[in-house]
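Just so we're on the same page: letters track the sequence lines, and every chain starts at 1. Values in this document were obtained by computation on a predicted structure and should not be read as measured data.
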Amino acid sequence: MRFGTMFSDIVSSLLRRPITELYPVERRATPDRLRGQLHWDWEACTGCSLCAKECPAQAVDLIVIDKKAKQFAMRYHTDRCIYCAQCVVNCRFGCLEMSSDEWELASANKDPFTVYYGDEANVEAALADRAD
Amino acid sequence: MTETEKFSIPIGPQHPALKEPEHFVFSVDGEMVTSASVRLGYAHRGIEKSTENRNWAQNLYLLERICGICSHTHALTYCLGVEKLAGVEIPPRANAIRTLVAEMERVHSHLLWLGVAAHEAGFDTLFMYSWRDRETIMDLLEQLTGNRVNYSANVLGGVKFDVDEELAGAILDGLDYLEKRTYHYLDVVTTDAAFLQRTRGVGVMSAERAERLGVVGPTARASSVARDVRIDAPYAGYDEYVPNLIGHTTGDLEARFEVRIKELFESYRLIREILATIPEGELTSRMPRRIKANEAFSRVEAPRGEVFYYLRSNGSDKPDRIKVRTPTLCNMASVLTLVIGQQLADIPMILVGVDPCFSCNDRMVAINRGGRSEEVWTWERLRQYGIDYYGGSH
Ligand code: SF4
Ligand code: SF4
């Protein structure tokens, strides 16, 4: 039995700077696999909607603009998304990808949480549909 | 002749030693505890019922969130169960990666516990340093899986990502550091005179009592009960990577510290072994979207003990019933009997000794309003009740 078994830890720490980081002044590089905001490559999308079907958080809506011409848009809710990557796994055409550096997604109002993807005309069509 | 009155001390539900809700009532005679009771259920989230409204893939993420500390354990238990239901074999490489994440999770969980337990003993130096070192494994988990908690490593039928040379190297470096620190912590908890006063001979549980109360995990092993699902019923990669059972005979708090810390060395060994001999191959097998009517159970050794899942399918893409039992529920009875005859001040330490996780064990609450009427609420009614309760703001 001894006393002060952690004394040496304390002494060695006196000479070191704190281990905590001064976020947001200091930012550590994020690992490549970090799951941040979802991105959609609409050109490769076939509209199978498997991504939306198995999303546990109903965070992606695939909006069909013109099924025959394979025109789609996507509404993505960053606030609902739990960043699980099930959609990325489900997409057999590799249309979905999660960014490793877009992770500071907090906002003081709700608007930035709804993101539209797709080419301009399709997004406009999707937005117009919503406004009706 | 005066009759001594029973003095009851209610503790909780707000912050009963830990930052999780649970209500205890202890009767005391002076400083000594004479009886104890617990009321569970404050963090009941209706998860089991909700699974019936989600498809098999969606449930993986819901169940992963039963516990923030052993999230991989829950996801793994669920995947093993569903794969059994559907009769799907998963590739050996996926099994090895599942085992790798499971052991890394055990490392972070045991280090987290070490800190919490030290904090309850008033040994905050140990708390701070063990948590600083725990960041090593948290960073590695993040590099490997993309997230510090709720790793989302599994998919039904396999795993999402691979481990490459570079990552393996980073993990091995991290382990070298952690191993050095773990030796130090083992030395601290077994020799520090002030700390030992809080642990040695406190909350002693005999093997016989541990058996009788159905205690699981490191708490049971510290009372010489040889019980570890990884060894008794190997799953995932544990038939290849076999852990040695770490036991102890004294059954006191000190033994629980020693067992958990020594299990860390076993985890380091297993992680190294997995990285050195990981089989090549695919990461996933094909999973059907619908599963024909069947039932299955699965068991996994979580850092706290055995997690048990019962699953029933009915041919649709959603489960018919899922039942979950977490280790804290099995260990709670031991807390209630161990505190009797102990000092009031030892209660937090004895409670923490089983490494409790209250929110995980809260499954269902039966409210007895007198009379015998039994009611079953549908999910829709429960949901509406919740909306009305919070003033219909959603
Ligand atoms: S899974 Fe891929 S191809 Fe199918 S709808 Fe989603 S993004 Fe398009
Ligand atoms: S990451 Fe998960 S929650 Fe987010 S959109 Fe994809 S499937 Fe849905």
* To do: Let me see the working for B:D133 and B:Y185 under side chain to side chain donor-acceptor pair (under 3.5 Å), right down to the final yes or no.
  => CA-CA 11 Å; B:D133 295 335; B:Y185 294 135; 2.5 Å; yes
* Asked: Within a radius of less than 6.0 Å around CZ of A:F7, do more than 12 heavy atoms belonging to other residues, nucleotides or ligands occur?
  ->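 Open.
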* **Structural part of A:D32 lying under 4.5 Å from a heavy atom of chain B** =>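 For A:D32, neither part sits under 4.5 Å from chain B.
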* Interchain contact, A:I19 with chain B, by part (heavy-atom threshold 4.5 Å) ->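 A:I19 touches chain B through side-chain heavy atoms alone.
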Region of [X] that comes under 4.5 Å of a non-hydrogen atom in chain A:
X	answer
B:R148	neither
B:L140	neither
B:L62	neither
B:D317	neither

* **Partner chain B: residue of A:D9, A:L34, A:I10 with the largest heavy-atom pair count (under 4.5 Å)** =>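 Heavy-atom pair counts peak at A:D9.
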* To do: Find the one option among A:S8, A:P31, A:S100 whose heavy-atom pairs under 4.5 Å with chain B are most numerous.
  =>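 Answer, by heavy-atom pair count under 4.5 Å with chain B: A:P31.
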* Hey, are B:R198 and B:D192 close enough for a salt bridge, meaning a charged N less than 4.0 Å from a carboxylate O? ->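 The answer is no: the pair does not qualify as a salt bridge.
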* **N-O pairing of A:R28 and B:E142 below 4.0 Å** =>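 No.
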* Among the options B:F195, B:W56, B:Y151, pick out the one with the most heavy-atom pairs lying under 4.5 Å from chain A. =>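 When all of B:F195, B:W56, B:Y151 are compared, B:Y151 has the most.
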* **Winner by heavy-atom pair count (cut-off under 4.5 Å) against chain A, out of B:V155, B:D162, B:L60, B:L196** =>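 Looking at each of B:V155, B:D162, B:L60, B:L196 in turn, B:D162 comes out on top.
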* Quick one: sort the A:W42 and A:W40 rings into parallel, tilted or perpendicular, breaks at 30° and 60°. =>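 Geometry flag for A:W40 against A:W42: tilted rings.
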* **Residue from B:W131, B:F127, B:F257 passing ring pair (Phe, Tyr, Trp, His ring centres under 6.0 Å) with B:W113** =>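 Single ring pair (Phe, Tyr, Trp, His ring centres under 6.0 Å) partner of B:W113 among B:W131, B:F127, B:F257: B:F257.
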* Let me know which of B:L63, B:I90, B:V88, B:L156 forms a side-chain contact (heavy atoms from CB on, under 4.5 Å) with B:C79. =>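 Among the candidates, only B:L156 passes.
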